[in-house]
Peer 1: 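Following this message is one structure expressed as structure tokens.
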Number of protein chains: 2
Amino acid sequence: MAGIKDVAARAGVSVATVSRVLNDHSGVREETRARVLTAVSELSYRPNTLARSLRTDQTRTLGLVISDVLNPFFTELARAVEDAARSKGYSVIIGNADEQLALQDHHVRTLLDRRIDGLLVSPASGDSVALREAALLGIPMVFVDRWIEGLDVPLVRADGQPAVRDLVAHLYALGHRRLAIITGPVASTTSNERVHAFRSALREHGLPLPDAFIGQGDFQTASGRRATERFFALPEPPDAIFATDNLMALGVMEQLRTRGLRVPADVSLAAFDDIPWFLHTDPPITAIAQPTQELGHRAVAALTDLVEGRSAGSVTLSAHLIARRSCGEDERTRR
Amino acid sequence: MAGIKDVAARAGVSVATVSRVLNDHSGVREETRARVLTAVSELSYRPNTLARSLRTDQTRTLGLVISDVLNPFFTELARAVEDAARSKGYSVIIGNADEQLALQDHHVRTLLDRRIDGLLVSPASGDSVALREAALLGIPMVFVDRWIEGLDVPLVRADGQPAVRDLVAHLYALGHRRLAIITGPVASTTSNERVHAFRSALREHGLPLPDAFIGQGDFQTASGRRATERFFALPEPPDAIFATDNLMALGVMEQLRTRGLRVPADVSLAAFDDIPWFLHTDPPITAIAQPTQELGHRAVAALTDLVEGRSAGSVTLSAHLIARRSCGEDERTRR
DNA sequence: GCTGCGCATGGAAACGATTACATCGGTCAT
DNA sequence: ATGACCGATGTAATCGTTTCCATGCGCAGC
């Protein structure tokens, strides 16, 4: 593969000059520039980014560590992030943590080894040594959707609490009184927020939230199945289940199906995060939708601000309830 | 950030020695090695991969260019690829082409600029200059799922033809005679294969495939909606629709819903590629499932063979029909 | 006719690793 | 005792860029 020297030789100039036209620095005669450019295209020369980055100490690359590629919410987020980054002249390297702390830290380290300019992360729950180190090192970093308490890192997310309150009101209005929730991993910030909002909304309606109605999940499909199984082993099972992410909602449906239970006749179901398929499930599923695209865009904006030496603050957007038939019929969902 | 020199200084040895222990070359006294190692961990030194790659001319990184991250088939594939690669000591950088030739070529070039060791690609349809150049340059390269005619590149895929034939037989047995198909982009190899298998299976049953029953799609949701709209503008619409990928099947369902049509009462539906949600849609959707995990693993195996100087051949796995209720009831789907 | 300046360009030192080759004791065979 | 050899380590070139500084040249000001 041709190098800058070959180009220089062919154009009859020095490598310095070639470099100058490539990075369009001023002070190159128009005619020289043209000669270089034709040499470049004749040799179909492409600069070696490794060498360039080594020298300039910047890669124009952002790292994105997401919790689970198989979760449509995160793939949509990743997509938005990539779009935004590309339009700002950055590329993105994605690491999939699969909800595992160890895998997440592996990716964080790999990304830092690659000398990415900045890190966008939706951290798995738990104490991440790698992320703490990165923050201490002053790596430009932004959290998106999830965060880690005690780290001074800007956060871009949607506040789901009002929407959760709406959801509880909706369920209450439809006559449900035995509401259960399936949580994410214990230390998950988003899950905790959702549980907290759920509990306090319940209290407002004078409803209890017994421990048995708190299903411990981990944001993955299988845990939705397990939690559901446990709910229905109870003498008095819940009459509505709120899954704090879409994959666990899938697990709930799978388990209900094997038990032969119907939604919403036997039990109602709602999920956090809306995905296209929720419209077409049997029945369509009530969900809380986040402004995913905008989350991605804002996160990239914040991160590039940091990378380019500007300051960046946290951003909080809002989520909203989309009522469908999975919680029963009312004037909003009947048609 | 600490460099190899700092480590060398701290351990009281030369950089060469440090490098030797880092890459565990033999011929370093045990005690020296220990000293170096403690220096490494005291400084929490991490080698600069850019410098290393520049020198060694290898990155231990694979590029993966997929057609659409929002398509669950590809994200599952990406996941499998990453797993397989990681277990072989490679990392992977994903580029999302979004079914656009230009974007695909952009990613191919970006990846080559990063000096990835090998390229795994599921090419968008059409003539890709970047891919042709890469192949000519002798970049280790493997196609997965889709391919480009006339390029001598190993291909890992599933042959869907027998399964398509099974699907047609299934539809025929259920009494359907007016079968329509929604294709991918015109030049798409997989789509063409599916259409061809569909057409020839139809012929075996003495059924025609009028042009009006071939909906031109592009593997994206919206095109499924459009094709469906056109089908139902026909004086005699089809009584069964086969979408050649899962996103277009989603589009079909969306359109049917706005038209108030029922599946399978008004029209049957089947899709290529099975995804978890197909079990829970209303009704569950008949689909042709590919061995996605294995495709990913085999593709990585083939690519690493190439990268490491071994030879690699093409692999063809098989897909199979999973009959559900979206095509009507028979003894297999009733319960 | 100098001096000084700006413009276009070239030479060479980085960046942080790997690695071919040199060096330097020490051991062993002759 | 001498030289060959070996094992452990160091020196320095190299990968392909960017960029600081030097250079040469033409021209304006005196």
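Treat the numbers as computed from the prediction; the structure is a model and nothing was measured. Residue numbers begin at 1 in each chain, while the letters A, B, ... track the order of the sequences. Excluded from the calculations below are hydrogen atoms, water molecules and symmetry mates; all remaining heavy atoms, backbone and side chain alike, are included.
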Peer 1: Of the listed nucleotides (D/dT9, C/dG16, C/dG11), which one gets closest to any side-chain atom of B/L54?
Peer 2: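 Closest nucleotide to the B/L54 side chain: C/dG16.
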Peer 1: Using five pairs at each end of the helix from C/dG1-D/dC30 to C/dT30-D/dA1 to define an axis, what is the angle between those two axes, to 10°?
Peer 2: 60°
Peer 1: Would you compute the distance between atom OG of B/S125 and atom CD of B/Q104 and round it to the nearest 0.5 angstrom?
Peer 2: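 Spacing of OG (B/S125) from CD (B/Q104) equals 9.0 Å.
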Peer 1: Atom NE2 of B/H25 to atom P of D/dT9: distance rounded to whole Å?
Peer 2: 15 Å
Peer 1: Students often get this wrong, so: under 4.0 angstrom with heavy atoms, is A/T56 touching a base, only sugar-phosphate, or nothing?
Peer 2: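 The answer is sugar-phosphate, as A/T56 gets under 4.0 Å only of primed atoms, P, OP1 or OP2.
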Peer 1: From the set C/dT9, C/dA17, C/dG10, return the single nucleotide nearest to any side-chain atom of A/R29.
Peer 2: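 Ranking C/dT9, C/dA17, C/dG10 by closest atom to the A/R29 side chain puts C/dT9 first.
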Peer 1: Tell me whether the side-chain N/O atoms of A/R55 come closer than 4.0 Å to OP1 or OP2 in C/dA14.
Peer 2: no
Peer 1: For the pair made of CG in B/L22 and P in C/dT19, what is the distance, rounded to whole Å?
Peer 2: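 Nearest whole value for this atom pair: 12 Å.
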Peer 1: Could you check A/S26 against A/V15 and say which one's nearest nucleotide on DNA chain C is further toward the 5' end?
Peer 2: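 The answer here is A/S26.
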Peer 1: Mapping B/T17 and B/A51 onto DNA chain C by nearest heavy atom, which one lands closer to the 5' end?
Peer 2: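 The 5'-side residue here is B/A51.
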Peer 1: Rounded to the nearest 0.5 Å, how far does OG of B/S44 lie from CD of A/E133?
Peer 2: 6.0 Å
Peer 1: May I have the distance from B/K5 (atom NZ) to D/dG10 (atom P), rounded to whole angstrom?
Peer 2: 16 Å
Peer 1: Checking all strands, does A/T32 fall into the base, sugar-phosphate, or nothing category for heavy-atom contacts under 4.0 angstrom?
Peer 2: sugar-phosphate
Peer 1: A/S19 near the nucleic acid: base, sugar-phosphate alone, or nothing, with a heavy-atom cut-off under 4.0 Å?
Peer 2: base
Peer 1: Using atom CZ of A/R20 as one end and atom C1' of C/dG11 as the other, report the distance to the nearest whole Å.
Peer 2: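 Answer to the nearest Å: 11 Å.
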Peer 1: Between atom CZ in A/R114 and atom C1' in C/dG16, what is the gap in whole Å?
Peer 2: 17 Å
Peer 1: Measure the distance from CZ on B/R33 to P on D/dT9 and round it to the nearest whole Å.
Peer 2: 11 Å
Peer 1: From the options B/L295, B/V81, B/V92, select the one residue that forms a side-chain contact (heavy atoms from CB on, under 4.5 Å) with B/V300.
Peer 2: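 Looking at B/L295, B/V81, B/V92, the match for B/V300 under the side-chain contact (heavy atoms from CB on, under 4.5 Å) is B/V81.
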Peer 1: Base, sugar-phosphate alone, or nothing: which one does B/G27 contact when heavy atoms must sit under 4.0 Å apart?
Peer 2: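 B/G27: base contact, heavy atoms under 4.0 Å.
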Peer 1: Side chain of A/N23: nearest nucleotide among D/dT9, D/dT18, D/dT11?
Peer 2: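 Looking only at heavy atoms from C-beta outward on A/N23, the closest nucleotide is D/dT18.
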Peer 1: Distance alone, cut at 3.5 Å: any donor-acceptor contact between the side chains of B/T292 and B/R79?
Peer 2: no
Peer 1: Starting at atom CG of A/L50, determine the distance to atom P of D/dT18, rounded to an integer number of angstrom.
Peer 2: 13 Å
Peer 1: Any side-chain donor-acceptor pair under 3.5 Å between B/R60 and B/T49?
Peer 2: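 The answer is no; no qualifying pair exists.
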Peer 1: Atom CG of B/L54 and atom CZ of B/R115: how far apart are they, to the nearest 0.5 Å?
Peer 2: 9.5 Å
Peer 1: Has B/N96 got a side-chain atom pairing as donor or acceptor with B/V69's backbone, closer than 3.5 angstrom?
Peer 2: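 It does hold such a pair.
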Peer 1: From C-beta outward on A/I4, which listed nucleotide comes closest to its side chain: D/dT17, D/dG16, D/dT19?
Peer 2: D/dT17
Peer 1: Quick one: label B/D57 by what it contacts on the DNA or RNA (base, sugar-phosphate, nothing), any heavy atom closer than 4.0 Å.
Peer 2: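 Nothing, no heavy atom under 4.0 Å.
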Peer 1: Between A/N23 and A/R52, do the side chains contain a donor N or O and an acceptor N or O under 3.5 Å apart?
Peer 2: yes
